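Below is one structure, written out as structure tokens; the observations come after it.
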Amino acid sequence: MPTTNLEPDDINRIIQMAWEDRTAFDAIKAQFGLSESDVIKLMRGNLKRSSFTLWRARVTGRKTKHLALRPVGMTRFKSRDQKG
């Protein structure tokens, strides 16, 4: 799904998920069909430059953002704002 076809509420949710430390890029891909590079493009286009720079520094190499790098036993995280 290209980022141009997303509703504003979806964009806001993706940004929120991307900022969460324990929400993996794989979860965003499963829910919205966006790859990690798509999420990076979306964040670059929707955040202030300084916010984007902080976010990139925060997630680069972070094990919790990549399911394959997560420690054994780390389970799925569910945000307080997530329904269901």
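None of these values were measured; they are calculated from a predicted model.
Looking only at distances, a side-chain donor or acceptor of W55 sits under 3.5 Å from a matching main-chain atom of A18. Not one N or O on the side chain of S51 forms a donor-acceptor pair closer than 3.5 Å with the backbone of L47.
From I40, atom CD1 reaches atom CG of L34 across 11.5 Å, with rounding to the nearest 0.5 Å. We find the CD-CD1 distance between E7 and I11 to be 8.5 Å, quoted to the nearest 0.5 Å. Within the model, atoms NZ of K48 and CG of L54 stand 9.5 Å from one another, a figure rounded to the nearest 0.5 Å. Distance check: I15 CD1 to I28 CD1 gives 10.0 Å after rounding to the nearest 0.5 Å. Rounding to the nearest 0.5 Å places CG of N5 at 14.0 Å from CZ of F32. Between atom CG of residue L42 and atom CG of residue L6 there is a gap of 6.5 Å, rounded to the nearest 0.5 Å.
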**Q.** Audit row: M17, Q31, side chain to side chain contact (heavy atoms under 4.5 Å, CB included) steps and yes/no
**A.** CA-CA 11 Å; M17 291 173 76; Q31 189 169 348; 3.6 Å; yes

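The two residues E20 and T23 come nearest to each other via the heavy atoms OE1-OG1, 2.6 Å.
We find that D38 and K29 are not joined by a salt bridge, their nearest charged nitrogen and carboxylate oxygen being 4.0 Å or further apart.
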